[in-house]
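Fair warning: this is a prediction, and the values are worked out from it, not measured in the lab.
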Amino acid sequence: MIMDQIAKLVEQRIRESELQLKHVDDLMGKASVPMGANLSDLKARRDQAAKQLEAVRSQDHTARDISHAEGVKGVLETIGLELEKALLAVFEKDKRH
């Protein structure tokens, strides 16, 4: 029973991370031209988080995987926030010109 609950928690974190990954990918599609080098760094971090997510997805979903999945989700949320801020700055700059 506890293992079922753990598996459900890990699967929930995986789904949340997958949604965040999609959000990051959507933002990257919008940011490809205006952000330049910063986008390369964020893309590398995104790719690393995607690999970690795949590793969590392929495991047996133990209690340790809950924190790993939460960590991946946190990284993706941070990348998404950084992209949103950078895009907002670019769009604000374009409005002023």
Side-chain angles (χ1 to χ4, degrees):
M1 175 136 179
I2 290 187
M3 291 306 289
D4 289 339
Q5 291 173 337
I6 290 172
K8 285 179 185 180
L9 281 173
V10 173
E11 289 171 15
Q12 178 182 349
R13 297 300 181 270
I14 289 170
R15 284 191 302 276
E16 292 168 352
S17 294
E18 287 170 339
L19 289 172
Q20 191 63 40
L21 183 62
K22 183 181 179 331
H23 178 66
V24 166
D25 288 344
D26 290 344
L27 289 172
M28 284 190 165
K30 294 175 184 175
S32 60
V33 174
M35 290 184 54
N38 192 31
L39 185 62
S40 297
D41 177 55
L42 292 172
K43 172 105 173 78
R45 290 171 48 203
R46 175 255 179 239
D47 291 345
Q48 182 63 31
K51 286 179 187 176
Q52 291 176 0
L53 178 59
E54 186 57 40
V56 172
R57 191 182 294 127
S58 66
Q59 295 172 355
D60 291 334
H61 303 333
T62 63
R64 183 177 54 120
D65 295 328
I66 294 171
S67 62
H68 191 189
E70 287 175 352
V72 171
K73 180 182 169 217
V75 168
L76 289 168
E77 287 173 345
T78 300
I79 293 169
L81 289 172
E82 289 178 30
L83 280 166
E84 288 171 0
K85 282 193 259 183
L87 280 172
L88 184 61
V90 168
F91 293 141
E92 289 297 318
K93 182 180 173 184
D94 285 348
K95 280 184 184 178
R96 287 181 262 158
H97 289 107

If you define the side chain from C-beta out and look only at heavy atoms, does anything of [X] sit under 4.5 Å from [Y]?
X: L42; Y: R46; value: no
X: H61; Y: I14; value: yes
X: V10; Y: Q59; value: no
X: E84; Y: L81; value: yes
X: E70; Y: K73; value: no

Does the pair Q5 and K8 meet the rule for a side-chain contact (heavy atoms from CB on, under 4.5 Å), with working shown?
CA-CA 5 Å; Q5 291 173 337; K8 285 179 185 180; 5.7 Å; no
Identify the two heavy atoms, one from [X] and one from [Y], that lie closest to each other, and give their separation to 0.1 Å.
X: L21; Y: L76; value: CD1-CD2, 3.8 Å
X: L27; Y: G80; value: CD1-O, 3.6 Å
X: L53; Y: E18; value: CD2-CG, 3.9 Å
X: A69; Y: S17; value: O-OG, 3.7 Å

Residue set satisfying side-chain hydrogen bond (donor to acceptor under 3.5 Å, both in side chains) with D47, at least two apart, ordered chain then number -> K43
- Looking at CD of E11 and CD1 of I66, how far apart are the two atoms once the value is rounded to the nearest 0.5 Å?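 Output value for this atom pair is 11.0 Å.
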- Message: Please tell me whether E16 and Q20 have a donor and an acceptor in their side chains that are separated by less than 3.5 angstrom.
- Response: no
ask   = Does the pair R57/E54 count as a salt bridge with the N-to-O cut at 4.0 Å?
value =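 Yes, this pair counts.
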| message | Taking side chain to side chain contact (heavy atoms under 4.5 Å, CB included) as the definition, give me every residue that meets it alongside D26, ordered by chain and number, with sequence neighbours left out. | response |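 With neighbours one apart ignored, the set is K22.
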Item to check | Pair D65-R13, salt bridge (charged side-chain N to carboxylate O under 4.0 Å, His left out): steps then yes or no | outcome: CA-CA 9 Å; D65 295 328; R13 297 300 181 270; over 6 Å; no
